[in-house]
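One structure is given below, encoded as structure tokens.
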Amino acid sequence: QVQLVESGGGSVQAGGSLKLSCAVSGITFRSRYMGWFRQAPGKEREGVAVIGLGGGTYSADSVKGRFTVSQDNSKNTLYLQMNTLKPEDTAVYYCAATITQIGNIKTPLSASEYNYWGQGTQVTVSS
């Protein structure tokens, strides 16, 4: 039914760029928050960048100015453009979606708000 499939991860040197994609099926983007989270070994899953109702975006301070989240509604695909990558960006990156929402949520970068998850794609940044 609901499926989120990430792609585009890989290894890159510090300062380089990667673009992640998330193909979504079984649901539309309508009335949902959609976004990206990441988890490094031994660390909690953290929000990276999400798109809220109406298309507004929320980004973690650590990636602001470097990462850009976007979506193609016609293709039901979510993207994360990552520029000026740093070694601390190394993690498994997950695509996620909430259930349908009536209004805004208070913590759009909190993983606990999200119900549907992809399997993740590894991003490794070397110095």
Side-chain angles (χ1 to χ4, degrees):
Q1 289 291 95
V2 179
Q3 190 169 334
L4 285 68
V5 181
E6 303 95 337
S7 62
S11 297
V12 65
Q13 293 188 8
S17 298
L18 284 173
K19 187 175 183 178
L20 306 183
S21 298
C22 173
V24 180
S25 60
I27 57 172
T28 70
F29 290 177
R30 187 190 312 110
S31 300
R32 300 179 190 273
Y33 285 68
M34 305 284 299
W36 295 92
F37 295 76
R38 67 187 182 187
Q39 188 166 24
K43 302 194 69 176
E44 295 182 1
R45 190 167 298 187
E46 63 176 349
V48 176
V50 304
I51 300 177
L53 305 181
T57 61
Y58 307 84
S59 299
D61 289 342
S62 60
V63 307
K64 201 161 295 182
R66 300 188 297 121
F67 292 10
T68 302
V69 61
S70 61
Q71 62 188 25
D72 186 333
N73 293 321
S74 66
K75 296 181 179 179
N76 246 32
T77 301
L78 193 73
Y79 302 97
L80 183 67
Q81 178 66 53
M82 304 184 292
N83 298 324
T84 320
L85 283 160
K86 304 175 180 179
E88 50 262 47
D89 295 319
T90 296
V92 176
Y93 283 71
Y94 298 90
C95 178
T98 66
I99 60 173
T100 55
Q101 305 289 333
I102 297 175
N104 295 335
I105 59 177
K106 294 195 298 184
T107 54
L109 291 171
S110 176
S112 64
E113 298 278 4
Y114 293 77
N115 305 88
Y116 305 106
W117 294 87
Q119 293 299 307
T121 185
Q122 177 71 47
V123 171
T124 302
V125 184
S126 60
S127 60

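Atom CD of E88 is surrounded by more than 12 heavy atoms from other residues, nucleotides or ligands within 6.0 Å.
When the salt bridge (Lys or Arg N to Asp or Glu O under 4.0 Å) test is applied to K86, no partner is found at least two apart in sequence or on another chain. Applying the side chain to side chain contact (heavy atoms under 4.5 Å, CB included) criterion to T107, with sequence neighbours excluded, gives S110, E113. Under the rule for a side chain to side chain contact (heavy atoms under 4.5 Å, CB included), the partners of V2 that lie at least two apart in sequence or sit in another chain are L4, I27, Y116. The side chain to side chain donor-acceptor pair (under 3.5 Å) check on E6 picks up nothing, with sequence neighbours excluded.
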Which side-chain N or O atoms in residues 11-25 pair as donor and acceptor under 3.5 Å with protein atoms at least two apart or in another chain?
| from | atom 1 | to | atom 2 | distance (Å) |
| --- | --- | --- | --- | --- |
| S17 | OG | N83 | OD1 | 2.9 |

Could you list the donor-acceptor pairs under 3.5 angstrom formed between side-chain atoms of residues 120-127 and any protein atom two or more places apart in sequence or on another chain?
| from | atom 1 | to | atom 2 | distance (Å) |
| --- | --- | --- | --- | --- |
| T121 | OG1 | G9 | N | 3.3 |
| Q122 | NE2 | A91 | O | 3.4 |
| Q122 | NE2 | T124 | OG1 | 3.3 |

Only pairs under 3.5 Å count here: list side-chain donor-acceptor contacts from residues 38-47, not counting sequence neighbours, and write none if there are none.
| from | atom 1 | to | atom 2 | distance (Å) |
| --- | --- | --- | --- | --- |
| R38 | NE | E46 | OE2 | 2.8 |
| R38 | NH1 | D89 | OD1 | 2.9 |
| R38 | NH1 | Y93 | OH | 2.9 |
| R38 | NH2 | E46 | OE2 | 3.4 |
| R38 | NH2 | S62 | OG | 3.4 |
| Q39 | OE1 | R45 | NE | 3.3 |
| Q39 | OE1 | R45 | NH2 | 3.2 |
| Q39 | NE2 | K43 | O | 3.0 |

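Apart from L53 itself, the hydrophobic cluster it occupies contains Y33, F37, V50, Y58, V92, Y94, I105, L109, Y114, W117, where clustering links Ile, Leu, Val, Met, Phe, Trp and Tyr at side-chain heavy-atom distances under 4.5 Å.
Under the disulfide (SG to SG under 2.5 Å) criterion, no residue pair touches residues 38-83, with sequence neighbours excluded. Listed by first and then second residue, the salt bridge (Lys or Arg N to Asp or Glu O under 4.0 Å) pairs that reach into residues 49-65 are D61-K64, sequence neighbours excluded. Residue pairs meeting the disulfide (SG to SG under 2.5 Å) criterion with at least one partner in residues 48-77, sequence neighbours excluded, are absent. Pairs passing the disulfide (SG to SG under 2.5 Å) check and including a residue from residues 32-88, sequence neighbours excluded, do not occur.
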**OP:** Output, in order, the C-alpha distance, side-chain angles, deciding distance and verdict of side-chain contact (heavy atoms from CB on, under 4.5 Å) for L85 and F67.
**Re:** CA-CA 9 Å; L85 283 160; F67 292 10; 3.7 Å; yes
Subject >> Residue pair L78, I51: steps toward the side-chain contact (heavy atoms from CB on, under 4.5 Å) verdict >> reply: CA-CA 9 Å; L78 193 73; I51 300 177; 4.0 Å; yes
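Q81 CD to R66 CZ: the interatomic distance, rounded to the nearest 0.5 Å, is 12.0 Å.
Using a distance-only test at 3.5 Å, with no hydrogens or angles considered, a donor-acceptor pair links the side chain of Q101 to the main chain of I99.
Across all their heavy atoms, T77 and F29 have their closest contact at N-CZ, 3.5 Å.
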